[in-house]
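For reference, the structure is listed below as structure tokens.
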Protein chains: 2
Amino acid sequence: MQTLLEFMRSHPVGGTLSKNGWGNNDFFGATAKIYKPHSVISRQDDHNDGIFVVKSGWAILYHGLPDGERQIIDTPLRGDIVGFRGVDGPRLASLASITELAVYEISSKELLKAILSQGHLGKKIACSLARLNAILAEHLMNTGRRNAMRRTAHFLLELEERLSMVGLSAHGRYECPLTQYELADILGMTAVHVNRTLRELRKADLVSFKSGYVEVINRKKLVETAGFDSEYLRYR
Amino acid sequence: MQTLLEFMRSHPVGGTLSKNGWGNNDFFGATAKIYKPHSVISRQDDHNDGIFVVKSGWAILYHGLPDGERQIIDTPLRGDIVGFRGVDGPRLASLASITELAVYEISSKELLKAILSQGHLGKKIACSLARLNAILAEHLMNTGRRNAMRRTAHFLLELEERLSMVGLSAHGRYECPLTQYELADILGMTAVHVNRTLRELRKADLVSFKSGYVEVINRKKLVETAGFDSEYLRYR
DNA sequence: CGCCGTTTTGACGTATCTCAAAGAAGGTGG
DNA sequence: CCACCTTCTTTGAGATACGTCAAAACGGCG
């Protein structure tokens with residue numbers, strides 16, 4: 001219990017992750033579990049409590065629909081908290097790894113109990129959830145009111161900003177292991193159309209998405225066509 | 001300060017709102033402010049902290065895009081907490097009333113301070129945010145992976161469930177003051193297409209949306225075409 | 001080298017949007 | 001109680017962004 005409290009207390013809901021030593025595997029005795037690429041960490045509809053904190057690697061949180069389609073809800077990155085629901089009940093989404101993935105897992109019930117006595121915890125969880133809210137709202141605007149170009153541009157900029165905040169992107173270039181199929185399930189499009197859209201973005205000298213890397217070519221123009229404002233990603 | 005604490009402590013993140021006396025205007029000294037229909041309670045990009053708790057009436061939380069379009073993020077209903085961000089900075093969305101609206105307003109800073117010393121508060125806020133997350137995720141599936149019919153059906157069922165939980169819907173019938181334009185901005189469609197979709201839903205004897213009221217006609221078929229599962233709306 | 005997942009391209013189909021205008025419906029003032 | 005105005009709903013005809021289907025090219029990997 002002491003371990004859990006100390007662990008979460010030190011959790012950098014605040015983007016200083018890359019600067020402090022939090023990334024150490026045995027931090028305060030909490031050990032991360034490692035998953036192979038393309039494995040399922042936790043499955044939609046399963047009844048297990050437990051929330052995850054990403055230590056390293058790429059993951060997707062998605063929900064499958066009856067007709068076989070799926071929507072990717074979020075791509076949790078280093079430091080992100082995943083799966084908190086606050087009530088008992090089945091999981092609403094599945095969590096899967098894209099790359100090799102290291103995650104800390106802690107019991108939701110324990111965390112809730114801890115929140116009651118540890119104000120700092122409650123505040124951190126609340127702030128983390130509020131930020132996720134903002135991200136989801138922005139994804140909603142993407143699928144609801146932005147066309148393929150703006151939408152794709154916006155998401156690539158979001159990734160860049162989020163990765164920068166945890167030290168995983170610099171100079172407009174970052175590693176991105178997502179396939180165009182996955183991109184499609186994030187953006188609410190088909191893989192074919194994602195492909196054509198990426199080509200256009202490339203031809204317009206805005207961004208390139210190629211062989212696992214994203215490179216922002218003309219940031220000013222890209223930000224403008226996306227209508228991107230990073231404010232919603234701020235932690236504090 | 002005592003007022004704030006007591007007020008939030010009694011806040012029914014739990015759907016028992018209609019059963020207890022929380023709805024009284026002068027509950028624990030906290031007084032709701034009343035807004036006329038179609039007034040703006042708080043504006044996107046403004047720098048004011050302050051979160052709202054809906055006492056009665058309909059509201060929309062929306063974000064306007066550079067090109068003049070807008071996406072409605074949520075329709076906060078009785079008991080819902082709106083606008084918590086956890087960090088200083090401009091508001092990410094505007095809050096406007098549809099009907100006459102009564103809302104409690106409390107300072108975000110005060111609330112954060114209170115969370116630190118009052119575990120119950122932190123837990124409540126966290127649970128409330130987690131539920132909002134689930135709702136946003138479902139809206140994302142709507143716009144991303146469900147066609148006009150499923151999407152519209154799903155949202156009307158969501159409203160019914162949410163309203164039922166706070167005593168504002170019964171027997172599949174509820175008041176809904178949204179115009180088709182607003183519905184369009186919620187669902188990421190045009191008003192014209194919303195109209196045609198509603199007609200189809202009506203012709204298929206699934207739901208009717210008419211003159212301010214929604215009536216579920218054939219729940220079983222409606223739930224099936226929407227792929228609706230109310231689990232994500234549960235508070236506890 | 002051959003395999004399998006991914007990317008790319010082409011031709012064609014359609015759900016949804018756009019534009020435009022005609023009804024309803026509700027509210028206001030005379 | 002009627003005339004008027006505004007907002008909302010409804011309908012039609014035509015346009016298009018995006019989806020579907022299918023196949024070829026590419027690329028990493030055993």
Side-chain angles (χ1 to χ4, degrees), chain A residues 36-39 58 60 65 67-71 96-100 142-153 155-156 175-204 207-214 225, chain B residues 36-39 58 60 65 67-72 96-100 142-153 155 175-204 207-214 225:
Chain A
K36 288 206 201 323
H38 303 290
S39 38
W58 283 66
I60 52 174
L65 298 177
D67 60 357
E69 301 242 56
R70 73 171 179 178
Q71 174 72 40
S97 63
I98 296 294
T99 62
E100 179 169 290
N142 270 349
T143 55
R145 284 290 180 242
R146 286 198 264 253
N147 66 19
M149 268 236 137
R150 293 170 125 62
R151 190 187 302 193
T152 308
F155 180 67
L156 293 179
E175 215 175 328
C176 175
L178 298 172
T179 66
Q180 293 180 13
Y181 281 94
E182 284 150 355
L183 219 39
D185 284 334
I186 291 168
L187 298 171
M189 318 169 29
T190 58
V192 170
H193 201 61
V194 165
N195 183 281
R196 299 197 228 265
T197 305
L198 288 174
R199 169 153 45 85
E200 284 199 50
L201 285 170
R202 174 66 257 240
K203 267 208 302 225
V207 237
S208 103
F209 180 99
K210 210 171 183 186
S211 56
Y213 283 87
V214 173
T225 81
Chain B
K36 287 206 202 321
H38 303 290
S39 38
W58 283 66
I60 52 175
L65 298 177
D67 60 359
E69 301 243 54
R70 72 170 182 180
Q71 174 71 42
I72 296 179
S97 64
I98 296 293
T99 62
E100 179 168 290
N142 270 349
T143 54
R145 285 289 181 243
R146 287 198 263 252
N147 65 21
M149 268 235 137
R150 292 169 126 62
R151 190 186 302 191
T152 308
F155 180 66
E175 215 175 328
C176 175
L178 298 172
T179 67
Q180 293 180 12
Y181 280 94
E182 284 149 356
L183 219 40
D185 284 335
I186 292 168
L187 298 172
M189 317 167 32
T190 57
V192 170
H193 201 59
V194 164
N195 183 282
R196 298 197 229 266
T197 305
L198 288 173
R199 168 153 46 89
E200 284 199 49
L201 285 169
R202 174 65 257 239
K203 267 208 304 223
V207 238
S208 103
F209 180 98
K210 211 171 182 185
S211 55
Y213 283 87
V214 173
T225 80

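Letters A, B, ... mirror the listed sequences (proteins, then strands); counts begin at 1.
- Using modelled atom types, one side-chain atom of B:R151 and one backbone atom of B:R146 make a donor-acceptor pair closer than 3.5 Å.
- Among the heavy atoms of the strands lying under 4.0 Å from B:G188 are primed sugar atoms or P, OP1, OP2 only; no base atom is included.
- The side chain of A:V192 lies closest to D:dC21, out of D:dC21, C:dC19, C:dC17.
- Here the side chain of A:A148 is nearest to one of C:dC17, D:dC18, C:dT6, namely D:dC18.
- As rounded to whole Å, 14 Å separates atom C1' of C:dG23 from atom CD of B:Q180.
- Distance, A:M149 CE to D:dC18 P: 10 Å, rounded to whole Å.
- Between the side chain of B:T99 and the main chain of B:P37, no donor-acceptor pair closer than 3.5 Å is present.
- The CD1 atom of A:I98 sits 14 Å away from the C1' atom of C:dG5 (whole-angstrom rounding).
- At a threshold of 4.0 Å, the pair B:D185-A:R145 counts as salt-bridged, since one of the basic side-chain nitrogens sits closer than that to a carboxylate oxygen.
- Looking at B:T225 and B:M149, their side chains never come closer than 4.5 Å, going by heavy atoms from C-beta outward.
- Separating the CD atom of A:E200 from the C1' atom of D:dC18 is a distance of 12 Å, rounded to the nearest angstrom.
- Atom CG of A:L178 and atom C1' of C:dG5 are 15 Å apart (whole Å).
- Side-chain atoms of B:N195 lie closest to D:dT11 of the nucleotides C:dT9, D:dT11, C:dC17.
- With rounding to whole Å, A:R199 atom CZ is found 7 Å from C:dT9 atom C1'.
- Within the 3.5 Å criterion, the main-chain N or O of B:S39 finds a donor-acceptor partner in the side chain of B:S97.
- B:A191 comes within 4.0 angstrom of no nucleic acid atom, judged by non-hydrogen atoms across all strands.
- Look at CG on B:D185: it is 14 Å from C1' on C:dC17, rounded to the nearest Å.
- The side chain of A:N147 places no N or O atom within less than 4.0 Å of a non-bridging phosphate oxygen (OP1 or OP2) of D:dA17.
- Of the listed nucleotides (C:dT18, C:dT7, D:dT9), C:dT7 has the atom at the smallest distance from the side chain of A:Y181.
- Within the 4.5 Å cutoff, the side chain of A:L187 has heavy atoms near those of the A:T152 side chain.
- Which of D:dT11, C:dT7, D:dG19 sits closest to the side chain of A:H193 comes down to D:dG19.
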Residue pair B:E182, B:I98: steps toward the side chain to side chain contact (heavy atoms under 4.5 Å, CB included) verdict: CA-CA 10 Å; B:E182 284 149 356; B:I98 296 293; 3.3 Å; yes

Under 4.0 Å protein heavy-atom contact, by nucleotide of nucleotides 24-30 of chain D - B base, S sugar-phosphate only: -------

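- Across all strands, A:R196 comes closer than 4.0 Å to base atoms (heavy-atom distances).
- As rounded to whole Å, 12 Å separates atom P of D:dC18 from atom CG of A:L187.
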